[in-house]
Amino acid sequence: MTASRRVDQAELWHVATPTCHPVARLRGTIATQCWEVSHEQIVVLDVVTGETRWELPNASVVAASEDTLLVFDHTQGILLGIDSSDGLARWSLPMPIDGYPYVMSISDGILVIGEDNLSRLRWG
């Protein structure tokens with residue numbers, strides 16, 4: 001993955017991550033989803049330096065907002081709202097789902113759909 005300046009295309013940084021792909025750009029960070037042999041993980045990079053800010057193993061990005069990643073933790077079976085800058089959970093919701101949850105935007109929040117359940121998260 002390579003970042004370059006828009007003006008002259010000069011390379012700013014390069015990170016050799018053949019199994020990682022960018023999924024969201026949030027305030028000062030780039031969230032990547034990485035698929036390893038035994039698990040998948042989220043790696044969040046600093047947009048200016050390309051350095052790793054934080055990682056979360058056994059998790060996948062479900063959606064993103066301006067500064068929050070909506071993440072499903074496969075180990076714990078919970079949905080997390082994670083601050084993209086520091087990786088700290090703002091909130092969590094038990095979500096026993098086999099596989100991956102589906103997310104649908106609605107006017108005042110999101111619907112999180114699993115095989116046997118449906119949760120509505122409303123924004124304050």
Side-chain angles (χ1 to χ4, degrees):
M1 188 173 346
T2 303
S4 56
R5 268 195 311 249
R6 284 185 185 174
V7 190
D8 59 4
Q9 299 301 310
E11 185 175 301
L12 299 173
W13 51 262
H14 177 80
V15 178
T17 55
T19 63
C20 298
H21 303 280
V23 292
R25 179 169 182 207
L26 301 95
R27 288 188 186 153
T29 63
I30 298 172
T32 66
Q33 186 71 56
C34 305
W35 291 271
E36 305 297 333
V37 173
S38 61
H39 68 283
E40 59 186 286
Q41 68 176 353
I42 299 165
V43 177
V44 175
L45 307 173
D46 185 282
V47 75
V48 175
T49 65
E51 293 179 12
T52 299
R53 283 217 188 157
W54 56 271
E55 299 178 16
L56 184 62
N58 300 310
S60 54
V61 175
V62 177
S65 70
E66 193 171 294
D67 60 356
T68 304
L69 285 173
L70 186 60
V71 170
F72 183 65
D73 183 316
H74 300 278
T75 304
Q76 299 180 49
I78 57 175
L79 195 63
L80 300 160
I82 296 185
D83 185 312
S84 65
S85 64
D86 57 18
L88 296 177
R90 295 180 171 174
W91 53 265
S92 65
L93 176 69
M95 185 68 54
I97 296 174
D98 288 334
Y100 294 88
Y102 296 97
V103 176
M104 178 185 297
S105 291
I106 55 178
S107 62
D108 62 347
I110 59 172
L111 293 176
V112 182
I113 305 161
E115 271 188 37
D116 298 325
N117 56 33
L118 171 69
S119 295
R120 180 179 180 180
L121 303 175
R122 295 179 66 186
W123 309 144

Donor-acceptor under 3.5 Å (E51 side chain, L45 main chain): no

On a heavy-atom basis, the closest approach of V44 and S84 is CG1-O, 3.7 Å

Residues I106 and R120: closest non-hydrogen pair is CD1-NE, 3.6 Å

(request) Check whether any side-chain N or O of Q76 sits under 3.5 Å from a backbone N or O of P94 as a donor-acceptor pair, and report yes or no. (result) no

Quiz prompt | Contact check, side chains of Q33 and I42, non-hydrogen atoms, under 4.5 Å | solution = yes

Shortest non-hydrogen pair, L26 vs A31, comes out as CD1-CB, 4.3 Å

request  = Flag the pair L12 / V48 as yes when at least one side-chain heavy-atom distance between them is below 4.5 Å, and no otherwise.
outcome  = no

Can you confirm whether H74 sits close enough to H39 that some side-chain heavy atom of one is under 4.5 Å from a side-chain heavy atom of the other?
no

Looking only at heavy atoms, the pair that brings L70 and W91 closest together is CD1-CH2, 3.3 Å

Shortest non-hydrogen pair, L80 vs S92, comes out as CD2-CB, 3.4 Å

Note: D83 and D86 closest approach over all heavy atoms is CB-OD1, 3.2 Å

- Task: Indicate whether the side chain of R53 and that of T29 have a donor and an acceptor atom separated by less than 3.5 Å.
- Result: no

